Amino acid sequence: MDREKWYARTPDEVVQFWQTSFNDGLTSTEVKTRLDKFGFNELAEKEKVAWWRRFLAQFQDFMVLVLLGATLISALLGEYADAITILTIVLMNALLGFVQEYRAEQSLAALKKLASPTARVVRNGMVQQIPARELVPGDILILEAGDKLAADGRLIDVHNMEVEEAALTGESLPVRKVADRRFSEDVSLGDRKNMVYAGTSIVRGRGRAVVCASGMATEVGQIAGMIQTSVEEATPLEKRLEHLGKWLVWGCLAICLIVVITGVAKGESLFLMCMAGISLAVAAIPEGLPAIVTVALALGVQRMIKQRAIIRKLPAVETLGCTTVICSDKTGTLTQNAMTVRQIFADNNHYEVTGTGYDIKGNILLNQQQVDISKDKSLEQCLTVGALCNNSALKQNNITITGIWRDKTETSWSIDGDPTEGAIIVAAAKVDIWQAEIEKKLRRVGENPFESERRRMSVVYRDANNNNILYCKGAPDTILDLCRYYHTAAGPTSLTADHIGKINAQNEQMASQALRVLAVAYRRLTPAQANNLDESAEKELVFTGLIGMIDPPREEVKASIVLCREAGIKTVMITGDHKNTAIAIAQELNIFKESHHKALTGKELDAMSENQLDAIVNSVTVYARVSPAHKLRIVRALKRQGHIVAMTGDGVNDAPAIKEADIGVAMGLTGTDVTKEASAMVLADDNFATIVAAVEEGRGIYENIRKFIRYLLSCNIGEVLTMFLAALLGLPMPLMPVQILWVNLVTDGLPAMALGIDPNDPNIMRRPPRHPAESVFSRGLIRKIIGRGVQIGLSTLFVFSVVYYLQDDLALARTAAFATLVYCQMFHVFDCRSETTTIFELKFTTNKYLLAAVTFSTIMQLSVMYIPFLSSIFATVPLSLSNWALVLTVSGWTLILNACKHIFRRRPVRRAALPQNK
Ligand code: ATP
């Protein structure tokens, strides 16, 4: 297809072609029509595997195929009942596996949907955030640093925009973009500087573009053709278990072979022994272990979504439980990011601002008196600069409440955009300075956008007389360095050392009251400077004032920090804010104690060598005035100390640190696409407490995995040992092949799944973090597995021998052994719920799924023993009361032992070891 050369056309031509509007974008009806015409903005995915194929895949296991082959032979030999039973059991097992996998997949798919990209567009004259798949040609895209482009577009307006296009052109250096130039039709992709392409990301600046191609029509869609769905990365635990599984397969096969050989040697029929051997192998080989781990991870991930943590990389779930340090941004994560201006300093006057939130009710007071703004030119200038050097907007929302007699309209105010900027607009509105009104008289002609590294932004406005004025605001220390003049009511004067001293003192004092302080300044520009605006224009500024705003800590964060401390996890605050502001908030949140901890600034960090940083990094809990580059150093230093670091970030430049951290955490609300893409986890609510909840969930998931590994492996050892020891001791075969398969079905299926969703142990956050290299069998688990496996095997064999020798009835002995093996496991599953406490302390009812699963399995077991039709298939006979007493005592003695322990011990639940971090 001959592709349109949008880069050779003017923005107007493109806008006209797509019949859209610069300011209003498309209408909803037009969007609908275009969605029908162009389809969703998606790249074609590999065709999904049909469900029946997945079901059939359950039979791909070699041992299952052998079993099915053997079943076929037994059917040919006339053993129809056996054949049908085995087939049914194998089918039920496959169905169970299929359901498990299906659920896991569903939750992972839901996860993908949650993490799917969005885009900001102008539609119906309003800025809207929409799912990127709904973009259509003609949409007006609003672009900011950190955005990942979701469609191809022709730029119509840019401010210092640089785009990283490596994904498309291979060029790693960012490309500076323009809007007003046209390029000849034959320029290569990398040189089309007035275009932006899907798959690339904006590293600096802001701008707008008209979408010109979406979905498969984009450049990346053309290149890639069919994009395959991404392969889910296996977690370290899954990989290790897969490796272990292979060893276990060989071990089981060897034992099964011995069972078969000794059985045949003793005179059993070769066919029966082969069936028994194969059934045992199918039952005992834990080849499904990695799959169940995936299920547990997927289900856990779904629980995390409910806690508002979205996992992007599955291995992160395991690492979360090992976290020893959480490095968190301050604004919006530890604090509410609901800014309210409280104090202003202008022209040597210190003002207090009243009112709460974004409501414009409130006053500005000087010496306890309400100011008259028409007479206070310095304050007016200060607030005007703040309101104009601003990309937020004040919104009035009218809510009509229907009354009995008449309706009442209430007005509430909110902010569109950055709360720091919104707070300034609100403060200005309190004294009748309206940003929207001033903007009617002036025209914005340029902008140097805010960047965390620069800690400032500036805009240029032109009035009717063609005067250009640059308005700048930012961190006071940064702005003061750029100022040469000082604004007074009489106009600008030179900035003296005395002024600087006073400004600094005011700044320090406001900051130590936990206020975030911004300085505002301005200057005139020549038309040439205004037309070629860049950072160099931000000099010789007129210092106008300081604006201090509060941002209260999030209430729930305090409790989360205490929880972290108990869990041996250190909390570190990393902020671009002033050191005093950071310390004041850190003290309020109990992150910082003068006697224990240190606070470092970015400058101090710069002056330190890696060795010096390593020496103190463990005691630093506050990093202030840092830029994203410092975050990378901090992560690395912490990692060198052996920490497992979770690090939050939102800006585009946070991406490297987030990638470097063990758990990169991106902000869902304020985070950029680039950060989200680099992260392992996204916080839907930007809240620190959510990270802690996710860590707790991560620990819980790992513990649950240990629980069912413990359960499954010990049960399998029990089954294999029963058959193996019987063969070694020259006993008759204690279980028939169908019985072995049945035991596997009723014990491994539902109860194991229910263990995978066991509620978290209430003490889970009172233990120190797990070491990431720790084996899944550590902390005595292997001992527990082998010990219990041996006990299950010996118990079954004991019951078998007692009944066989005392009552001289092989069918009865087999039935008793069959029941013992099942009930040993049914009792054992409750023990697996905790490694430190007994089930009596945990309470049976806290996992209702497990109770239901065990009840169901018990009924199933009784059915095959007592329903005549089934008992003939399963070769069982009814057990007498005394037989039942023997079976239940032998299988349930551990439960009785635990009950005794519980009654006699009666001491509080054991608390875990001391946390490492203070
Ligand atoms: P964090 O979210 O990491 O806690 P932060 O939000 O305080 O940090 P930045 O957003 O990087 O950090 O801001 C750093 C400094 O830049 C702030 O302390 C403030 O002085 C200044 N600043 C913040 N927002 C703006 C803005 N919109 N315009 C101008 N200056 C700003």
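Order of appearance sets the numbers: ligands from 1, and atoms from 1 within every ligand. This structure is a prediction, so every number in the text was calculated from the model and none was measured.
Below 4.0 Å from some heavy atom of I574 lie the following atoms of ligand 1, by number and element: 3 (O), 4 (O). Set against the non-hydrogen atoms of E421, the atoms of ligand 1 under 4.0 Å away are 26 (C), 27 (N), 28 (N). The D418 neighbourhood of ligand 1 comprises atoms 27 (N), with distances under 4.0 Å to a heavy atom of that residue. Near K330, the atoms of ligand 1 lying under 4.0 angstrom from a non-hydrogen atom of the residue are 1 (P), 4 (O). Here is the list of ligand 1 atoms found below 4.0 Å of a heavy atom in T331: 1 (P), 2 (O), 4 (O), 5 (P), 6 (O), 7 (O), 8 (O). Every atom of ligand 1 with a heavy atom of R625 under 4.0 Å away is listed here by number and element: 18 (O).
A salt bridge between R625 and D477 is present, with a side-chain N of the basic residue lying under 4.0 Å from a carboxylate O of the acidic one. The residues E421 and K473 are annotated as salt-bridged, a charged nitrogen and a carboxylate oxygen being separated by less than 4.0 angstrom. Using a 4.0 Å cut-off between charged nitrogen and carboxylate oxygen, E604 and K579 count as a salt-bridge pair. The pair D686-R554 does not count as a salt bridge, with every side-chain nitrogen at least 4.0 angstrom from each carboxylate oxygen. Using a 4.0 Å cut-off between charged nitrogen and carboxylate oxygen, R640 and D614 count as a salt-bridge pair. Note on R633 versus E610: salt bridge recorded, some NZ/NE/NH1/NH2 to OD/OE distance being below 4.0 Å.
Side-chain contact annotation: Q307 with E696, donor-acceptor N/O pair under 3.5 Å absent. Side-chain atoms of D347 and Q381 include no donor-acceptor pair closer than 3.5 Å. Looking at D685 and T690, their side chains do bring a donor and an acceptor atom within 3.5 Å of each other. A donor-acceptor contact closer than 3.5 angstrom is absent between the side chains of R516 and T335.
Among all non-hydrogen protein atoms, the one lying nearest atom 19 (C) of ligand 1 is L518 CD1, 3.7 Å. In this structure, atom 20 (O) of ligand 1 lies nearest to the protein heavy atom A475 CA, 3.3 Å. Among protein heavy atoms, atom 30 (N) of ligand 1 sits closest to G474 CA, 3.3 Å. Protein heavy atom at the shortest distance from atom 18 (O) of ligand 1 is D577 OD1, 2.8 Å. For atom 29 (C) of ligand 1, the closest non-hydrogen atom on the protein side is K473 O, 3.3 Å. In terms of protein heavy-atom proximity, atom 11 (O) of ligand 1 is closest to S452 OG, 2.9 Å. Protein heavy atom nearest atom 31 (C) of ligand 1, with residue, atom name and distance: F450 CE1, 3.1 Å.
Look at V517 and you'll find a heavy atom under 4.0 Å from some atom of ligand 1.
Looking at D650 next to ligand 1, no N or O pair under 3.5 Å apart turns up. Annotation: H578 places no N or O atom under 3.5 Å from an N or O atom of ligand 1; distance criterion only. Between G576 and ligand 1, at least one N/O pair is under 3.5 Å apart.
Using bins of under 30°, 30° to 60° and over 60° for the plane-to-plane angle, the ring pair Y522/Y471 lands in the tilted bin.
The residue from R516, M549, K631 that puts a heavy atom closest to atom 7 (O) of ligand 1 is R516.
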